[in-house]
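Below is one structure, written out as structure tokens, with a few remarks after it.
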Protein chains: 4
Amino acid sequence: MTPQPTRRNEQSRRAILAAALELLAETGYPALTVEAIAARAGVGKQTIYRWWRGKGAVILDALADDVPEVVALPDTGDLRADLRQVLRATVAEFADPRLSATTRAITIETLADEELGAQARDRLLRPQLNAVRVRLEAAREAGQVRPDAALDQVVELLFGPLYHRWLLRNGPLTDDYADGIVDLVVAAVTPSTSIRG
Amino acid sequence: MTPQPTRRNEQSRRAILAAALELLAETGYPALTVEAIAARAGVGKQTIYRWWRGKGAVILDALADDVPEVVALPDTGDLRADLRQVLRATVAEFADPRLSATTRAITIETLADEELGAQARDRLLRPQLNAVRVRLEAAREAGQVRPDAALDQVVELLFGPLYHRWLLRNGPLTDDYADGIVDLVVAAVTPSTSIRG
Amino acid sequence: MTPQPTRRNEQSRRAILAAALELLAETGYPALTVEAIAARAGVGKQTIYRWWRGKGAVILDALADDVPEVVALPDTGDLRADLRQVLRATVAEFADPRLSATTRAITIETLADEELGAQARDRLLRPQLNAVRVRLEAAREAGQVRPDAALDQVVELLFGPLYHRWLLRNGPLTDDYADGIVDLVVAAVTPSTSIRG
Amino acid sequence: MTPQPTRRNEQSRRAILAAALELLAETGYPALTVEAIAARAGVGKQTIYRWWRGKGAVILDALADDVPEVVALPDTGDLRADLRQVLRATVAEFADPRLSATTRAITIETLADEELGAQARDRLLRPQLNAVRVRLEAAREAGQVRPDAALDQVVELLFGPLYHRWLLRNGPLTDDYADGIVDLVVAAVTPSTSIRG
DNA sequence: CTCTAAGCGAGACGGTACGTCCAGTCTTCTT
DNA sequence: AAGAAGACTGGACGTACCGTCTCGCTTAGAG
């Protein structure tokens, strides 16, 4: 009943993932079909259904395969500069139509399927967020961030607005915008120097 | 060729929107079909396709019909308190499975279809964001917000993290979380009192 | 409820019949629709349904309008020659794609709808058959046809084979074929000259 | 693209043909739909469209399946008697509402679709006509039929009138009528005994 | 070093919904 | 009151994919 992973044909697996990404780029997610993936990959439909639950799972796998497991963030000592760099990179990603399309695709699938959502979160989202968190922890130890700041929230404070604006097309996504967010967030977490200057 | 809105049957229109919302609540968005809406509304499919581009457009219309055109925000003079109230209300909305499901539905459709996205933005999102913006403007005039703060960004700083966490299921959505976001944002926009403490 | 023929718009009537014939020639019977007739005639659909039962009735009316009420047959005294002429004319009609198509159309409608069939029979078929019958009666009086021959059957003996071959595409329809049928039929009805040659 | 007949499911094929005949008997040809056939047969619509061009093709196949490939005609030595028997049988067939309806159905489809017409001709009509032709050939060899008679025409002379009268409802179809036709045709083909009476 | 059970390409299958087309009815406004 | 216009319910159309189910055909590993 359950397939034997040992016997799995690696060549087919790769052909399927490649075909899925190609078709995603060409036709967009809603027009993507398992049948088309199978045809493009030169593979029987059953071979897809044997190893994945549907097109969403295939796409997720394909994307996760493309992403480096661990993402490292630069630490120049200048928190603001480092964050600007990260957010500008994110803006650039969203500006790239290809990457943008795939991210939208993943998001759709994520919305409709809880299990897939969990996988996407753990394999794609978390590593990225976590890298930023690590950088913030370093900043906190360096006294550049208030010790009581909830760093998970700070991370979401950085990415949430970008994601929101991009997903809902609520305005242009520019480097200036990214910088503005960073400035606001830095202001929010900088220890108050007020009491006695 | 293009239908004549004058001749439109208002009764059918309402029946369709009502049926769409009912079915959405009962079966969820992916299982929602134009055929089912037509059947439930006692309407020919063509009548739906004559006036809408598909189920997404119907749902959007149905939801937009339910939303008050203008949303007013309380102004108690206490910005932090007012914002907490708004964000807590948003958290509550996201916690309600019914509302949550419809918002997810809209979001999916929005992602796949640019035109629909524009409509959703203008008719559903913007009014809500704008209400908060108005409150922030009042706060700025009252000297509670730095005069140079880009208020649109601040609004997104409030909602972005919530939306991000909810959509990607990146953690629990609680009142505490909402309060934490508000605290961070208020800290970000409060005029620096540094000069002489 | 029942429409008042007095008030009927003669112009519309004619436009409808003309449009029906045009479309029949252009697109063929199965592709012919009431909607198209109405559009072509610049007429509301209701105006068609008010006066006819459907596209079949319209077509029948259109064709019956075209046909001379009474058809006369030549009588040269030579029965064989006269019949040959009639059957050759019929062959020519069947060879004309346009006439052939309309006859096929009528036949289809006739098959499906008994009432229409009756009308077609009385207004289109009978007059034609009757003309031949009259000629045969004359021949009988002239002693060229056996007095005991059932003339209705003889008429059908003439047209039945042609019709059969044409409708079922059971072979080529040529003048030779027509002549052959005539010869057989004449042989069948010629009084036996046996007694003394 | 084109389906592979090897893989064809014989069970489905039979279920479809059976369902088609059932529904034809129950509802008549015009009310017959591919959808209903599929439902009754417990089959997907695509399975019908994969193997047939439409309901007409299905019905034709169903009927052709029912017909014995080769039809033999009795040969008692008495041509007139044998032909009477055949034509009376045909009259009986036309009198049976069920058989009559299916024949009308086939005819309609035949009229509209040349290819179908060709099939109907070859698989349904020709075998029957040919059987009569064979009998006539025997009669010719026995000297009961003029040697110069075009037998194909004679066959059509027998069936044409019946078909004509039935299809166009141009009069009652009785055994007497059939006998009358046979008498005429026999008269037409009997070698003239005149020469020396 | 065969044999056999698995995965495989292929694609037919029962289904469901699609978006379109037309039938025939109903409604509104015009002539 | 009839007509032009065209929106309405209804229902079949033929298509596209879904996910499952055979087919033979490799192909690997247990005997």
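Lettering of chains follows the sequences in order, A, B, ..., and the numbering in each one begins at 1.
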For [N] and [X] - does any side-chain N or O of the residue sit under 4.0 Å from the phosphate oxygens OP1/OP2?
X     : N      : value
B/S12 : F/dT9  : yes
A/T6  : F/dA28 : no
A/R50 : E/dC8  : yes

To the nearest Å, give me how far apart [atom1] ([X]) and [atom2] ([N]) are.
X     : N      : atom1 : atom2 : answer
A/I48 : E/dA10 : CD1   : C1'   : 13 Å
B/Y49 : E/dG19 : OH    : C1'   : 5 Å
C/R53 : E/dT25 : CZ    : P     : 12 Å
B/R8  : F/dA5  : CZ    : C1'   : 19 Å
D/Q4  : E/dC13 : CD    : C1'   : 15 Å
C/Q11 : F/dA4  : CD    : P     : 9 Å
B/L32 : E/dC18 : CG    : C1'   : 14 Å
C/I16 : F/dA2  : CD1   : P     : 14 Å

Nearest 0.5 Å, please: how far is [atom2] in [Y] from [atom1] in [X]?
X      : Y      : atom1 : atom2 : answer
D/I106 : D/L124 : CD1   : CG    : 6.0 Å
A/L111 : B/L167 : CG    : CG    : 4.5 Å
A/D113 : A/R53  : CG    : CZ    : 4.5 Å

In terms of side-chain heavy atoms of [X], which of [options] is nearest?
X     : options                : result
A/P3  : E/dT20, E/dG24, E/dG7  : E/dG7
A/W51 : F/dC8, F/dG3, E/dG7    : E/dG7
B/R7  : E/dT27, F/dT22, E/dG11 : E/dT27
A/N9  : F/dC13, E/dC8, F/dT22  : E/dC8
D/Q46 : F/dC17, F/dA2, E/dG7   : F/dC17

Basic-acidic side-chain contact under 4.0 Å: B/R169, A/D122: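 Salt bridge absent between B/R169 and A/D122.
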
Identify, residue by residue, the members of residues 34-45 of chain A with a heavy atom below 4.0 Å from DNA chain F, and return them in order of residue number, or none.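 Per residue number, the list reads A/V34, A/E35, A/K45.
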
Sort out for me which residue in D/L21, D/T47, D/N9, D/V34 forms a side chain to side chain contact (heavy atoms under 4.5 Å, CB included) with D/I16.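 When side chain to side chain contact (heavy atoms under 4.5 Å, CB included) is applied between D/I16 and each of D/L21, D/T47, D/N9, D/V34, only D/T47 qualifies.
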
Is any side-chain heavy atom of C/R13 closer than 4.5 Å to one of C/W51?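 SC-SC contact between C/W51 and C/R13 ruled out.
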
Using a 4.0 Å heavy-atom cut-off across all strands, classify B/T47 as base, sugar-phosphate, or nothing.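 Since a base atom lies under 4.0 Å of B/T47, the category is base.
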
Are there more than 12 heavy atoms of other residues, nucleotides or ligands under 6.0 Å from atom CD of C/E10? yes

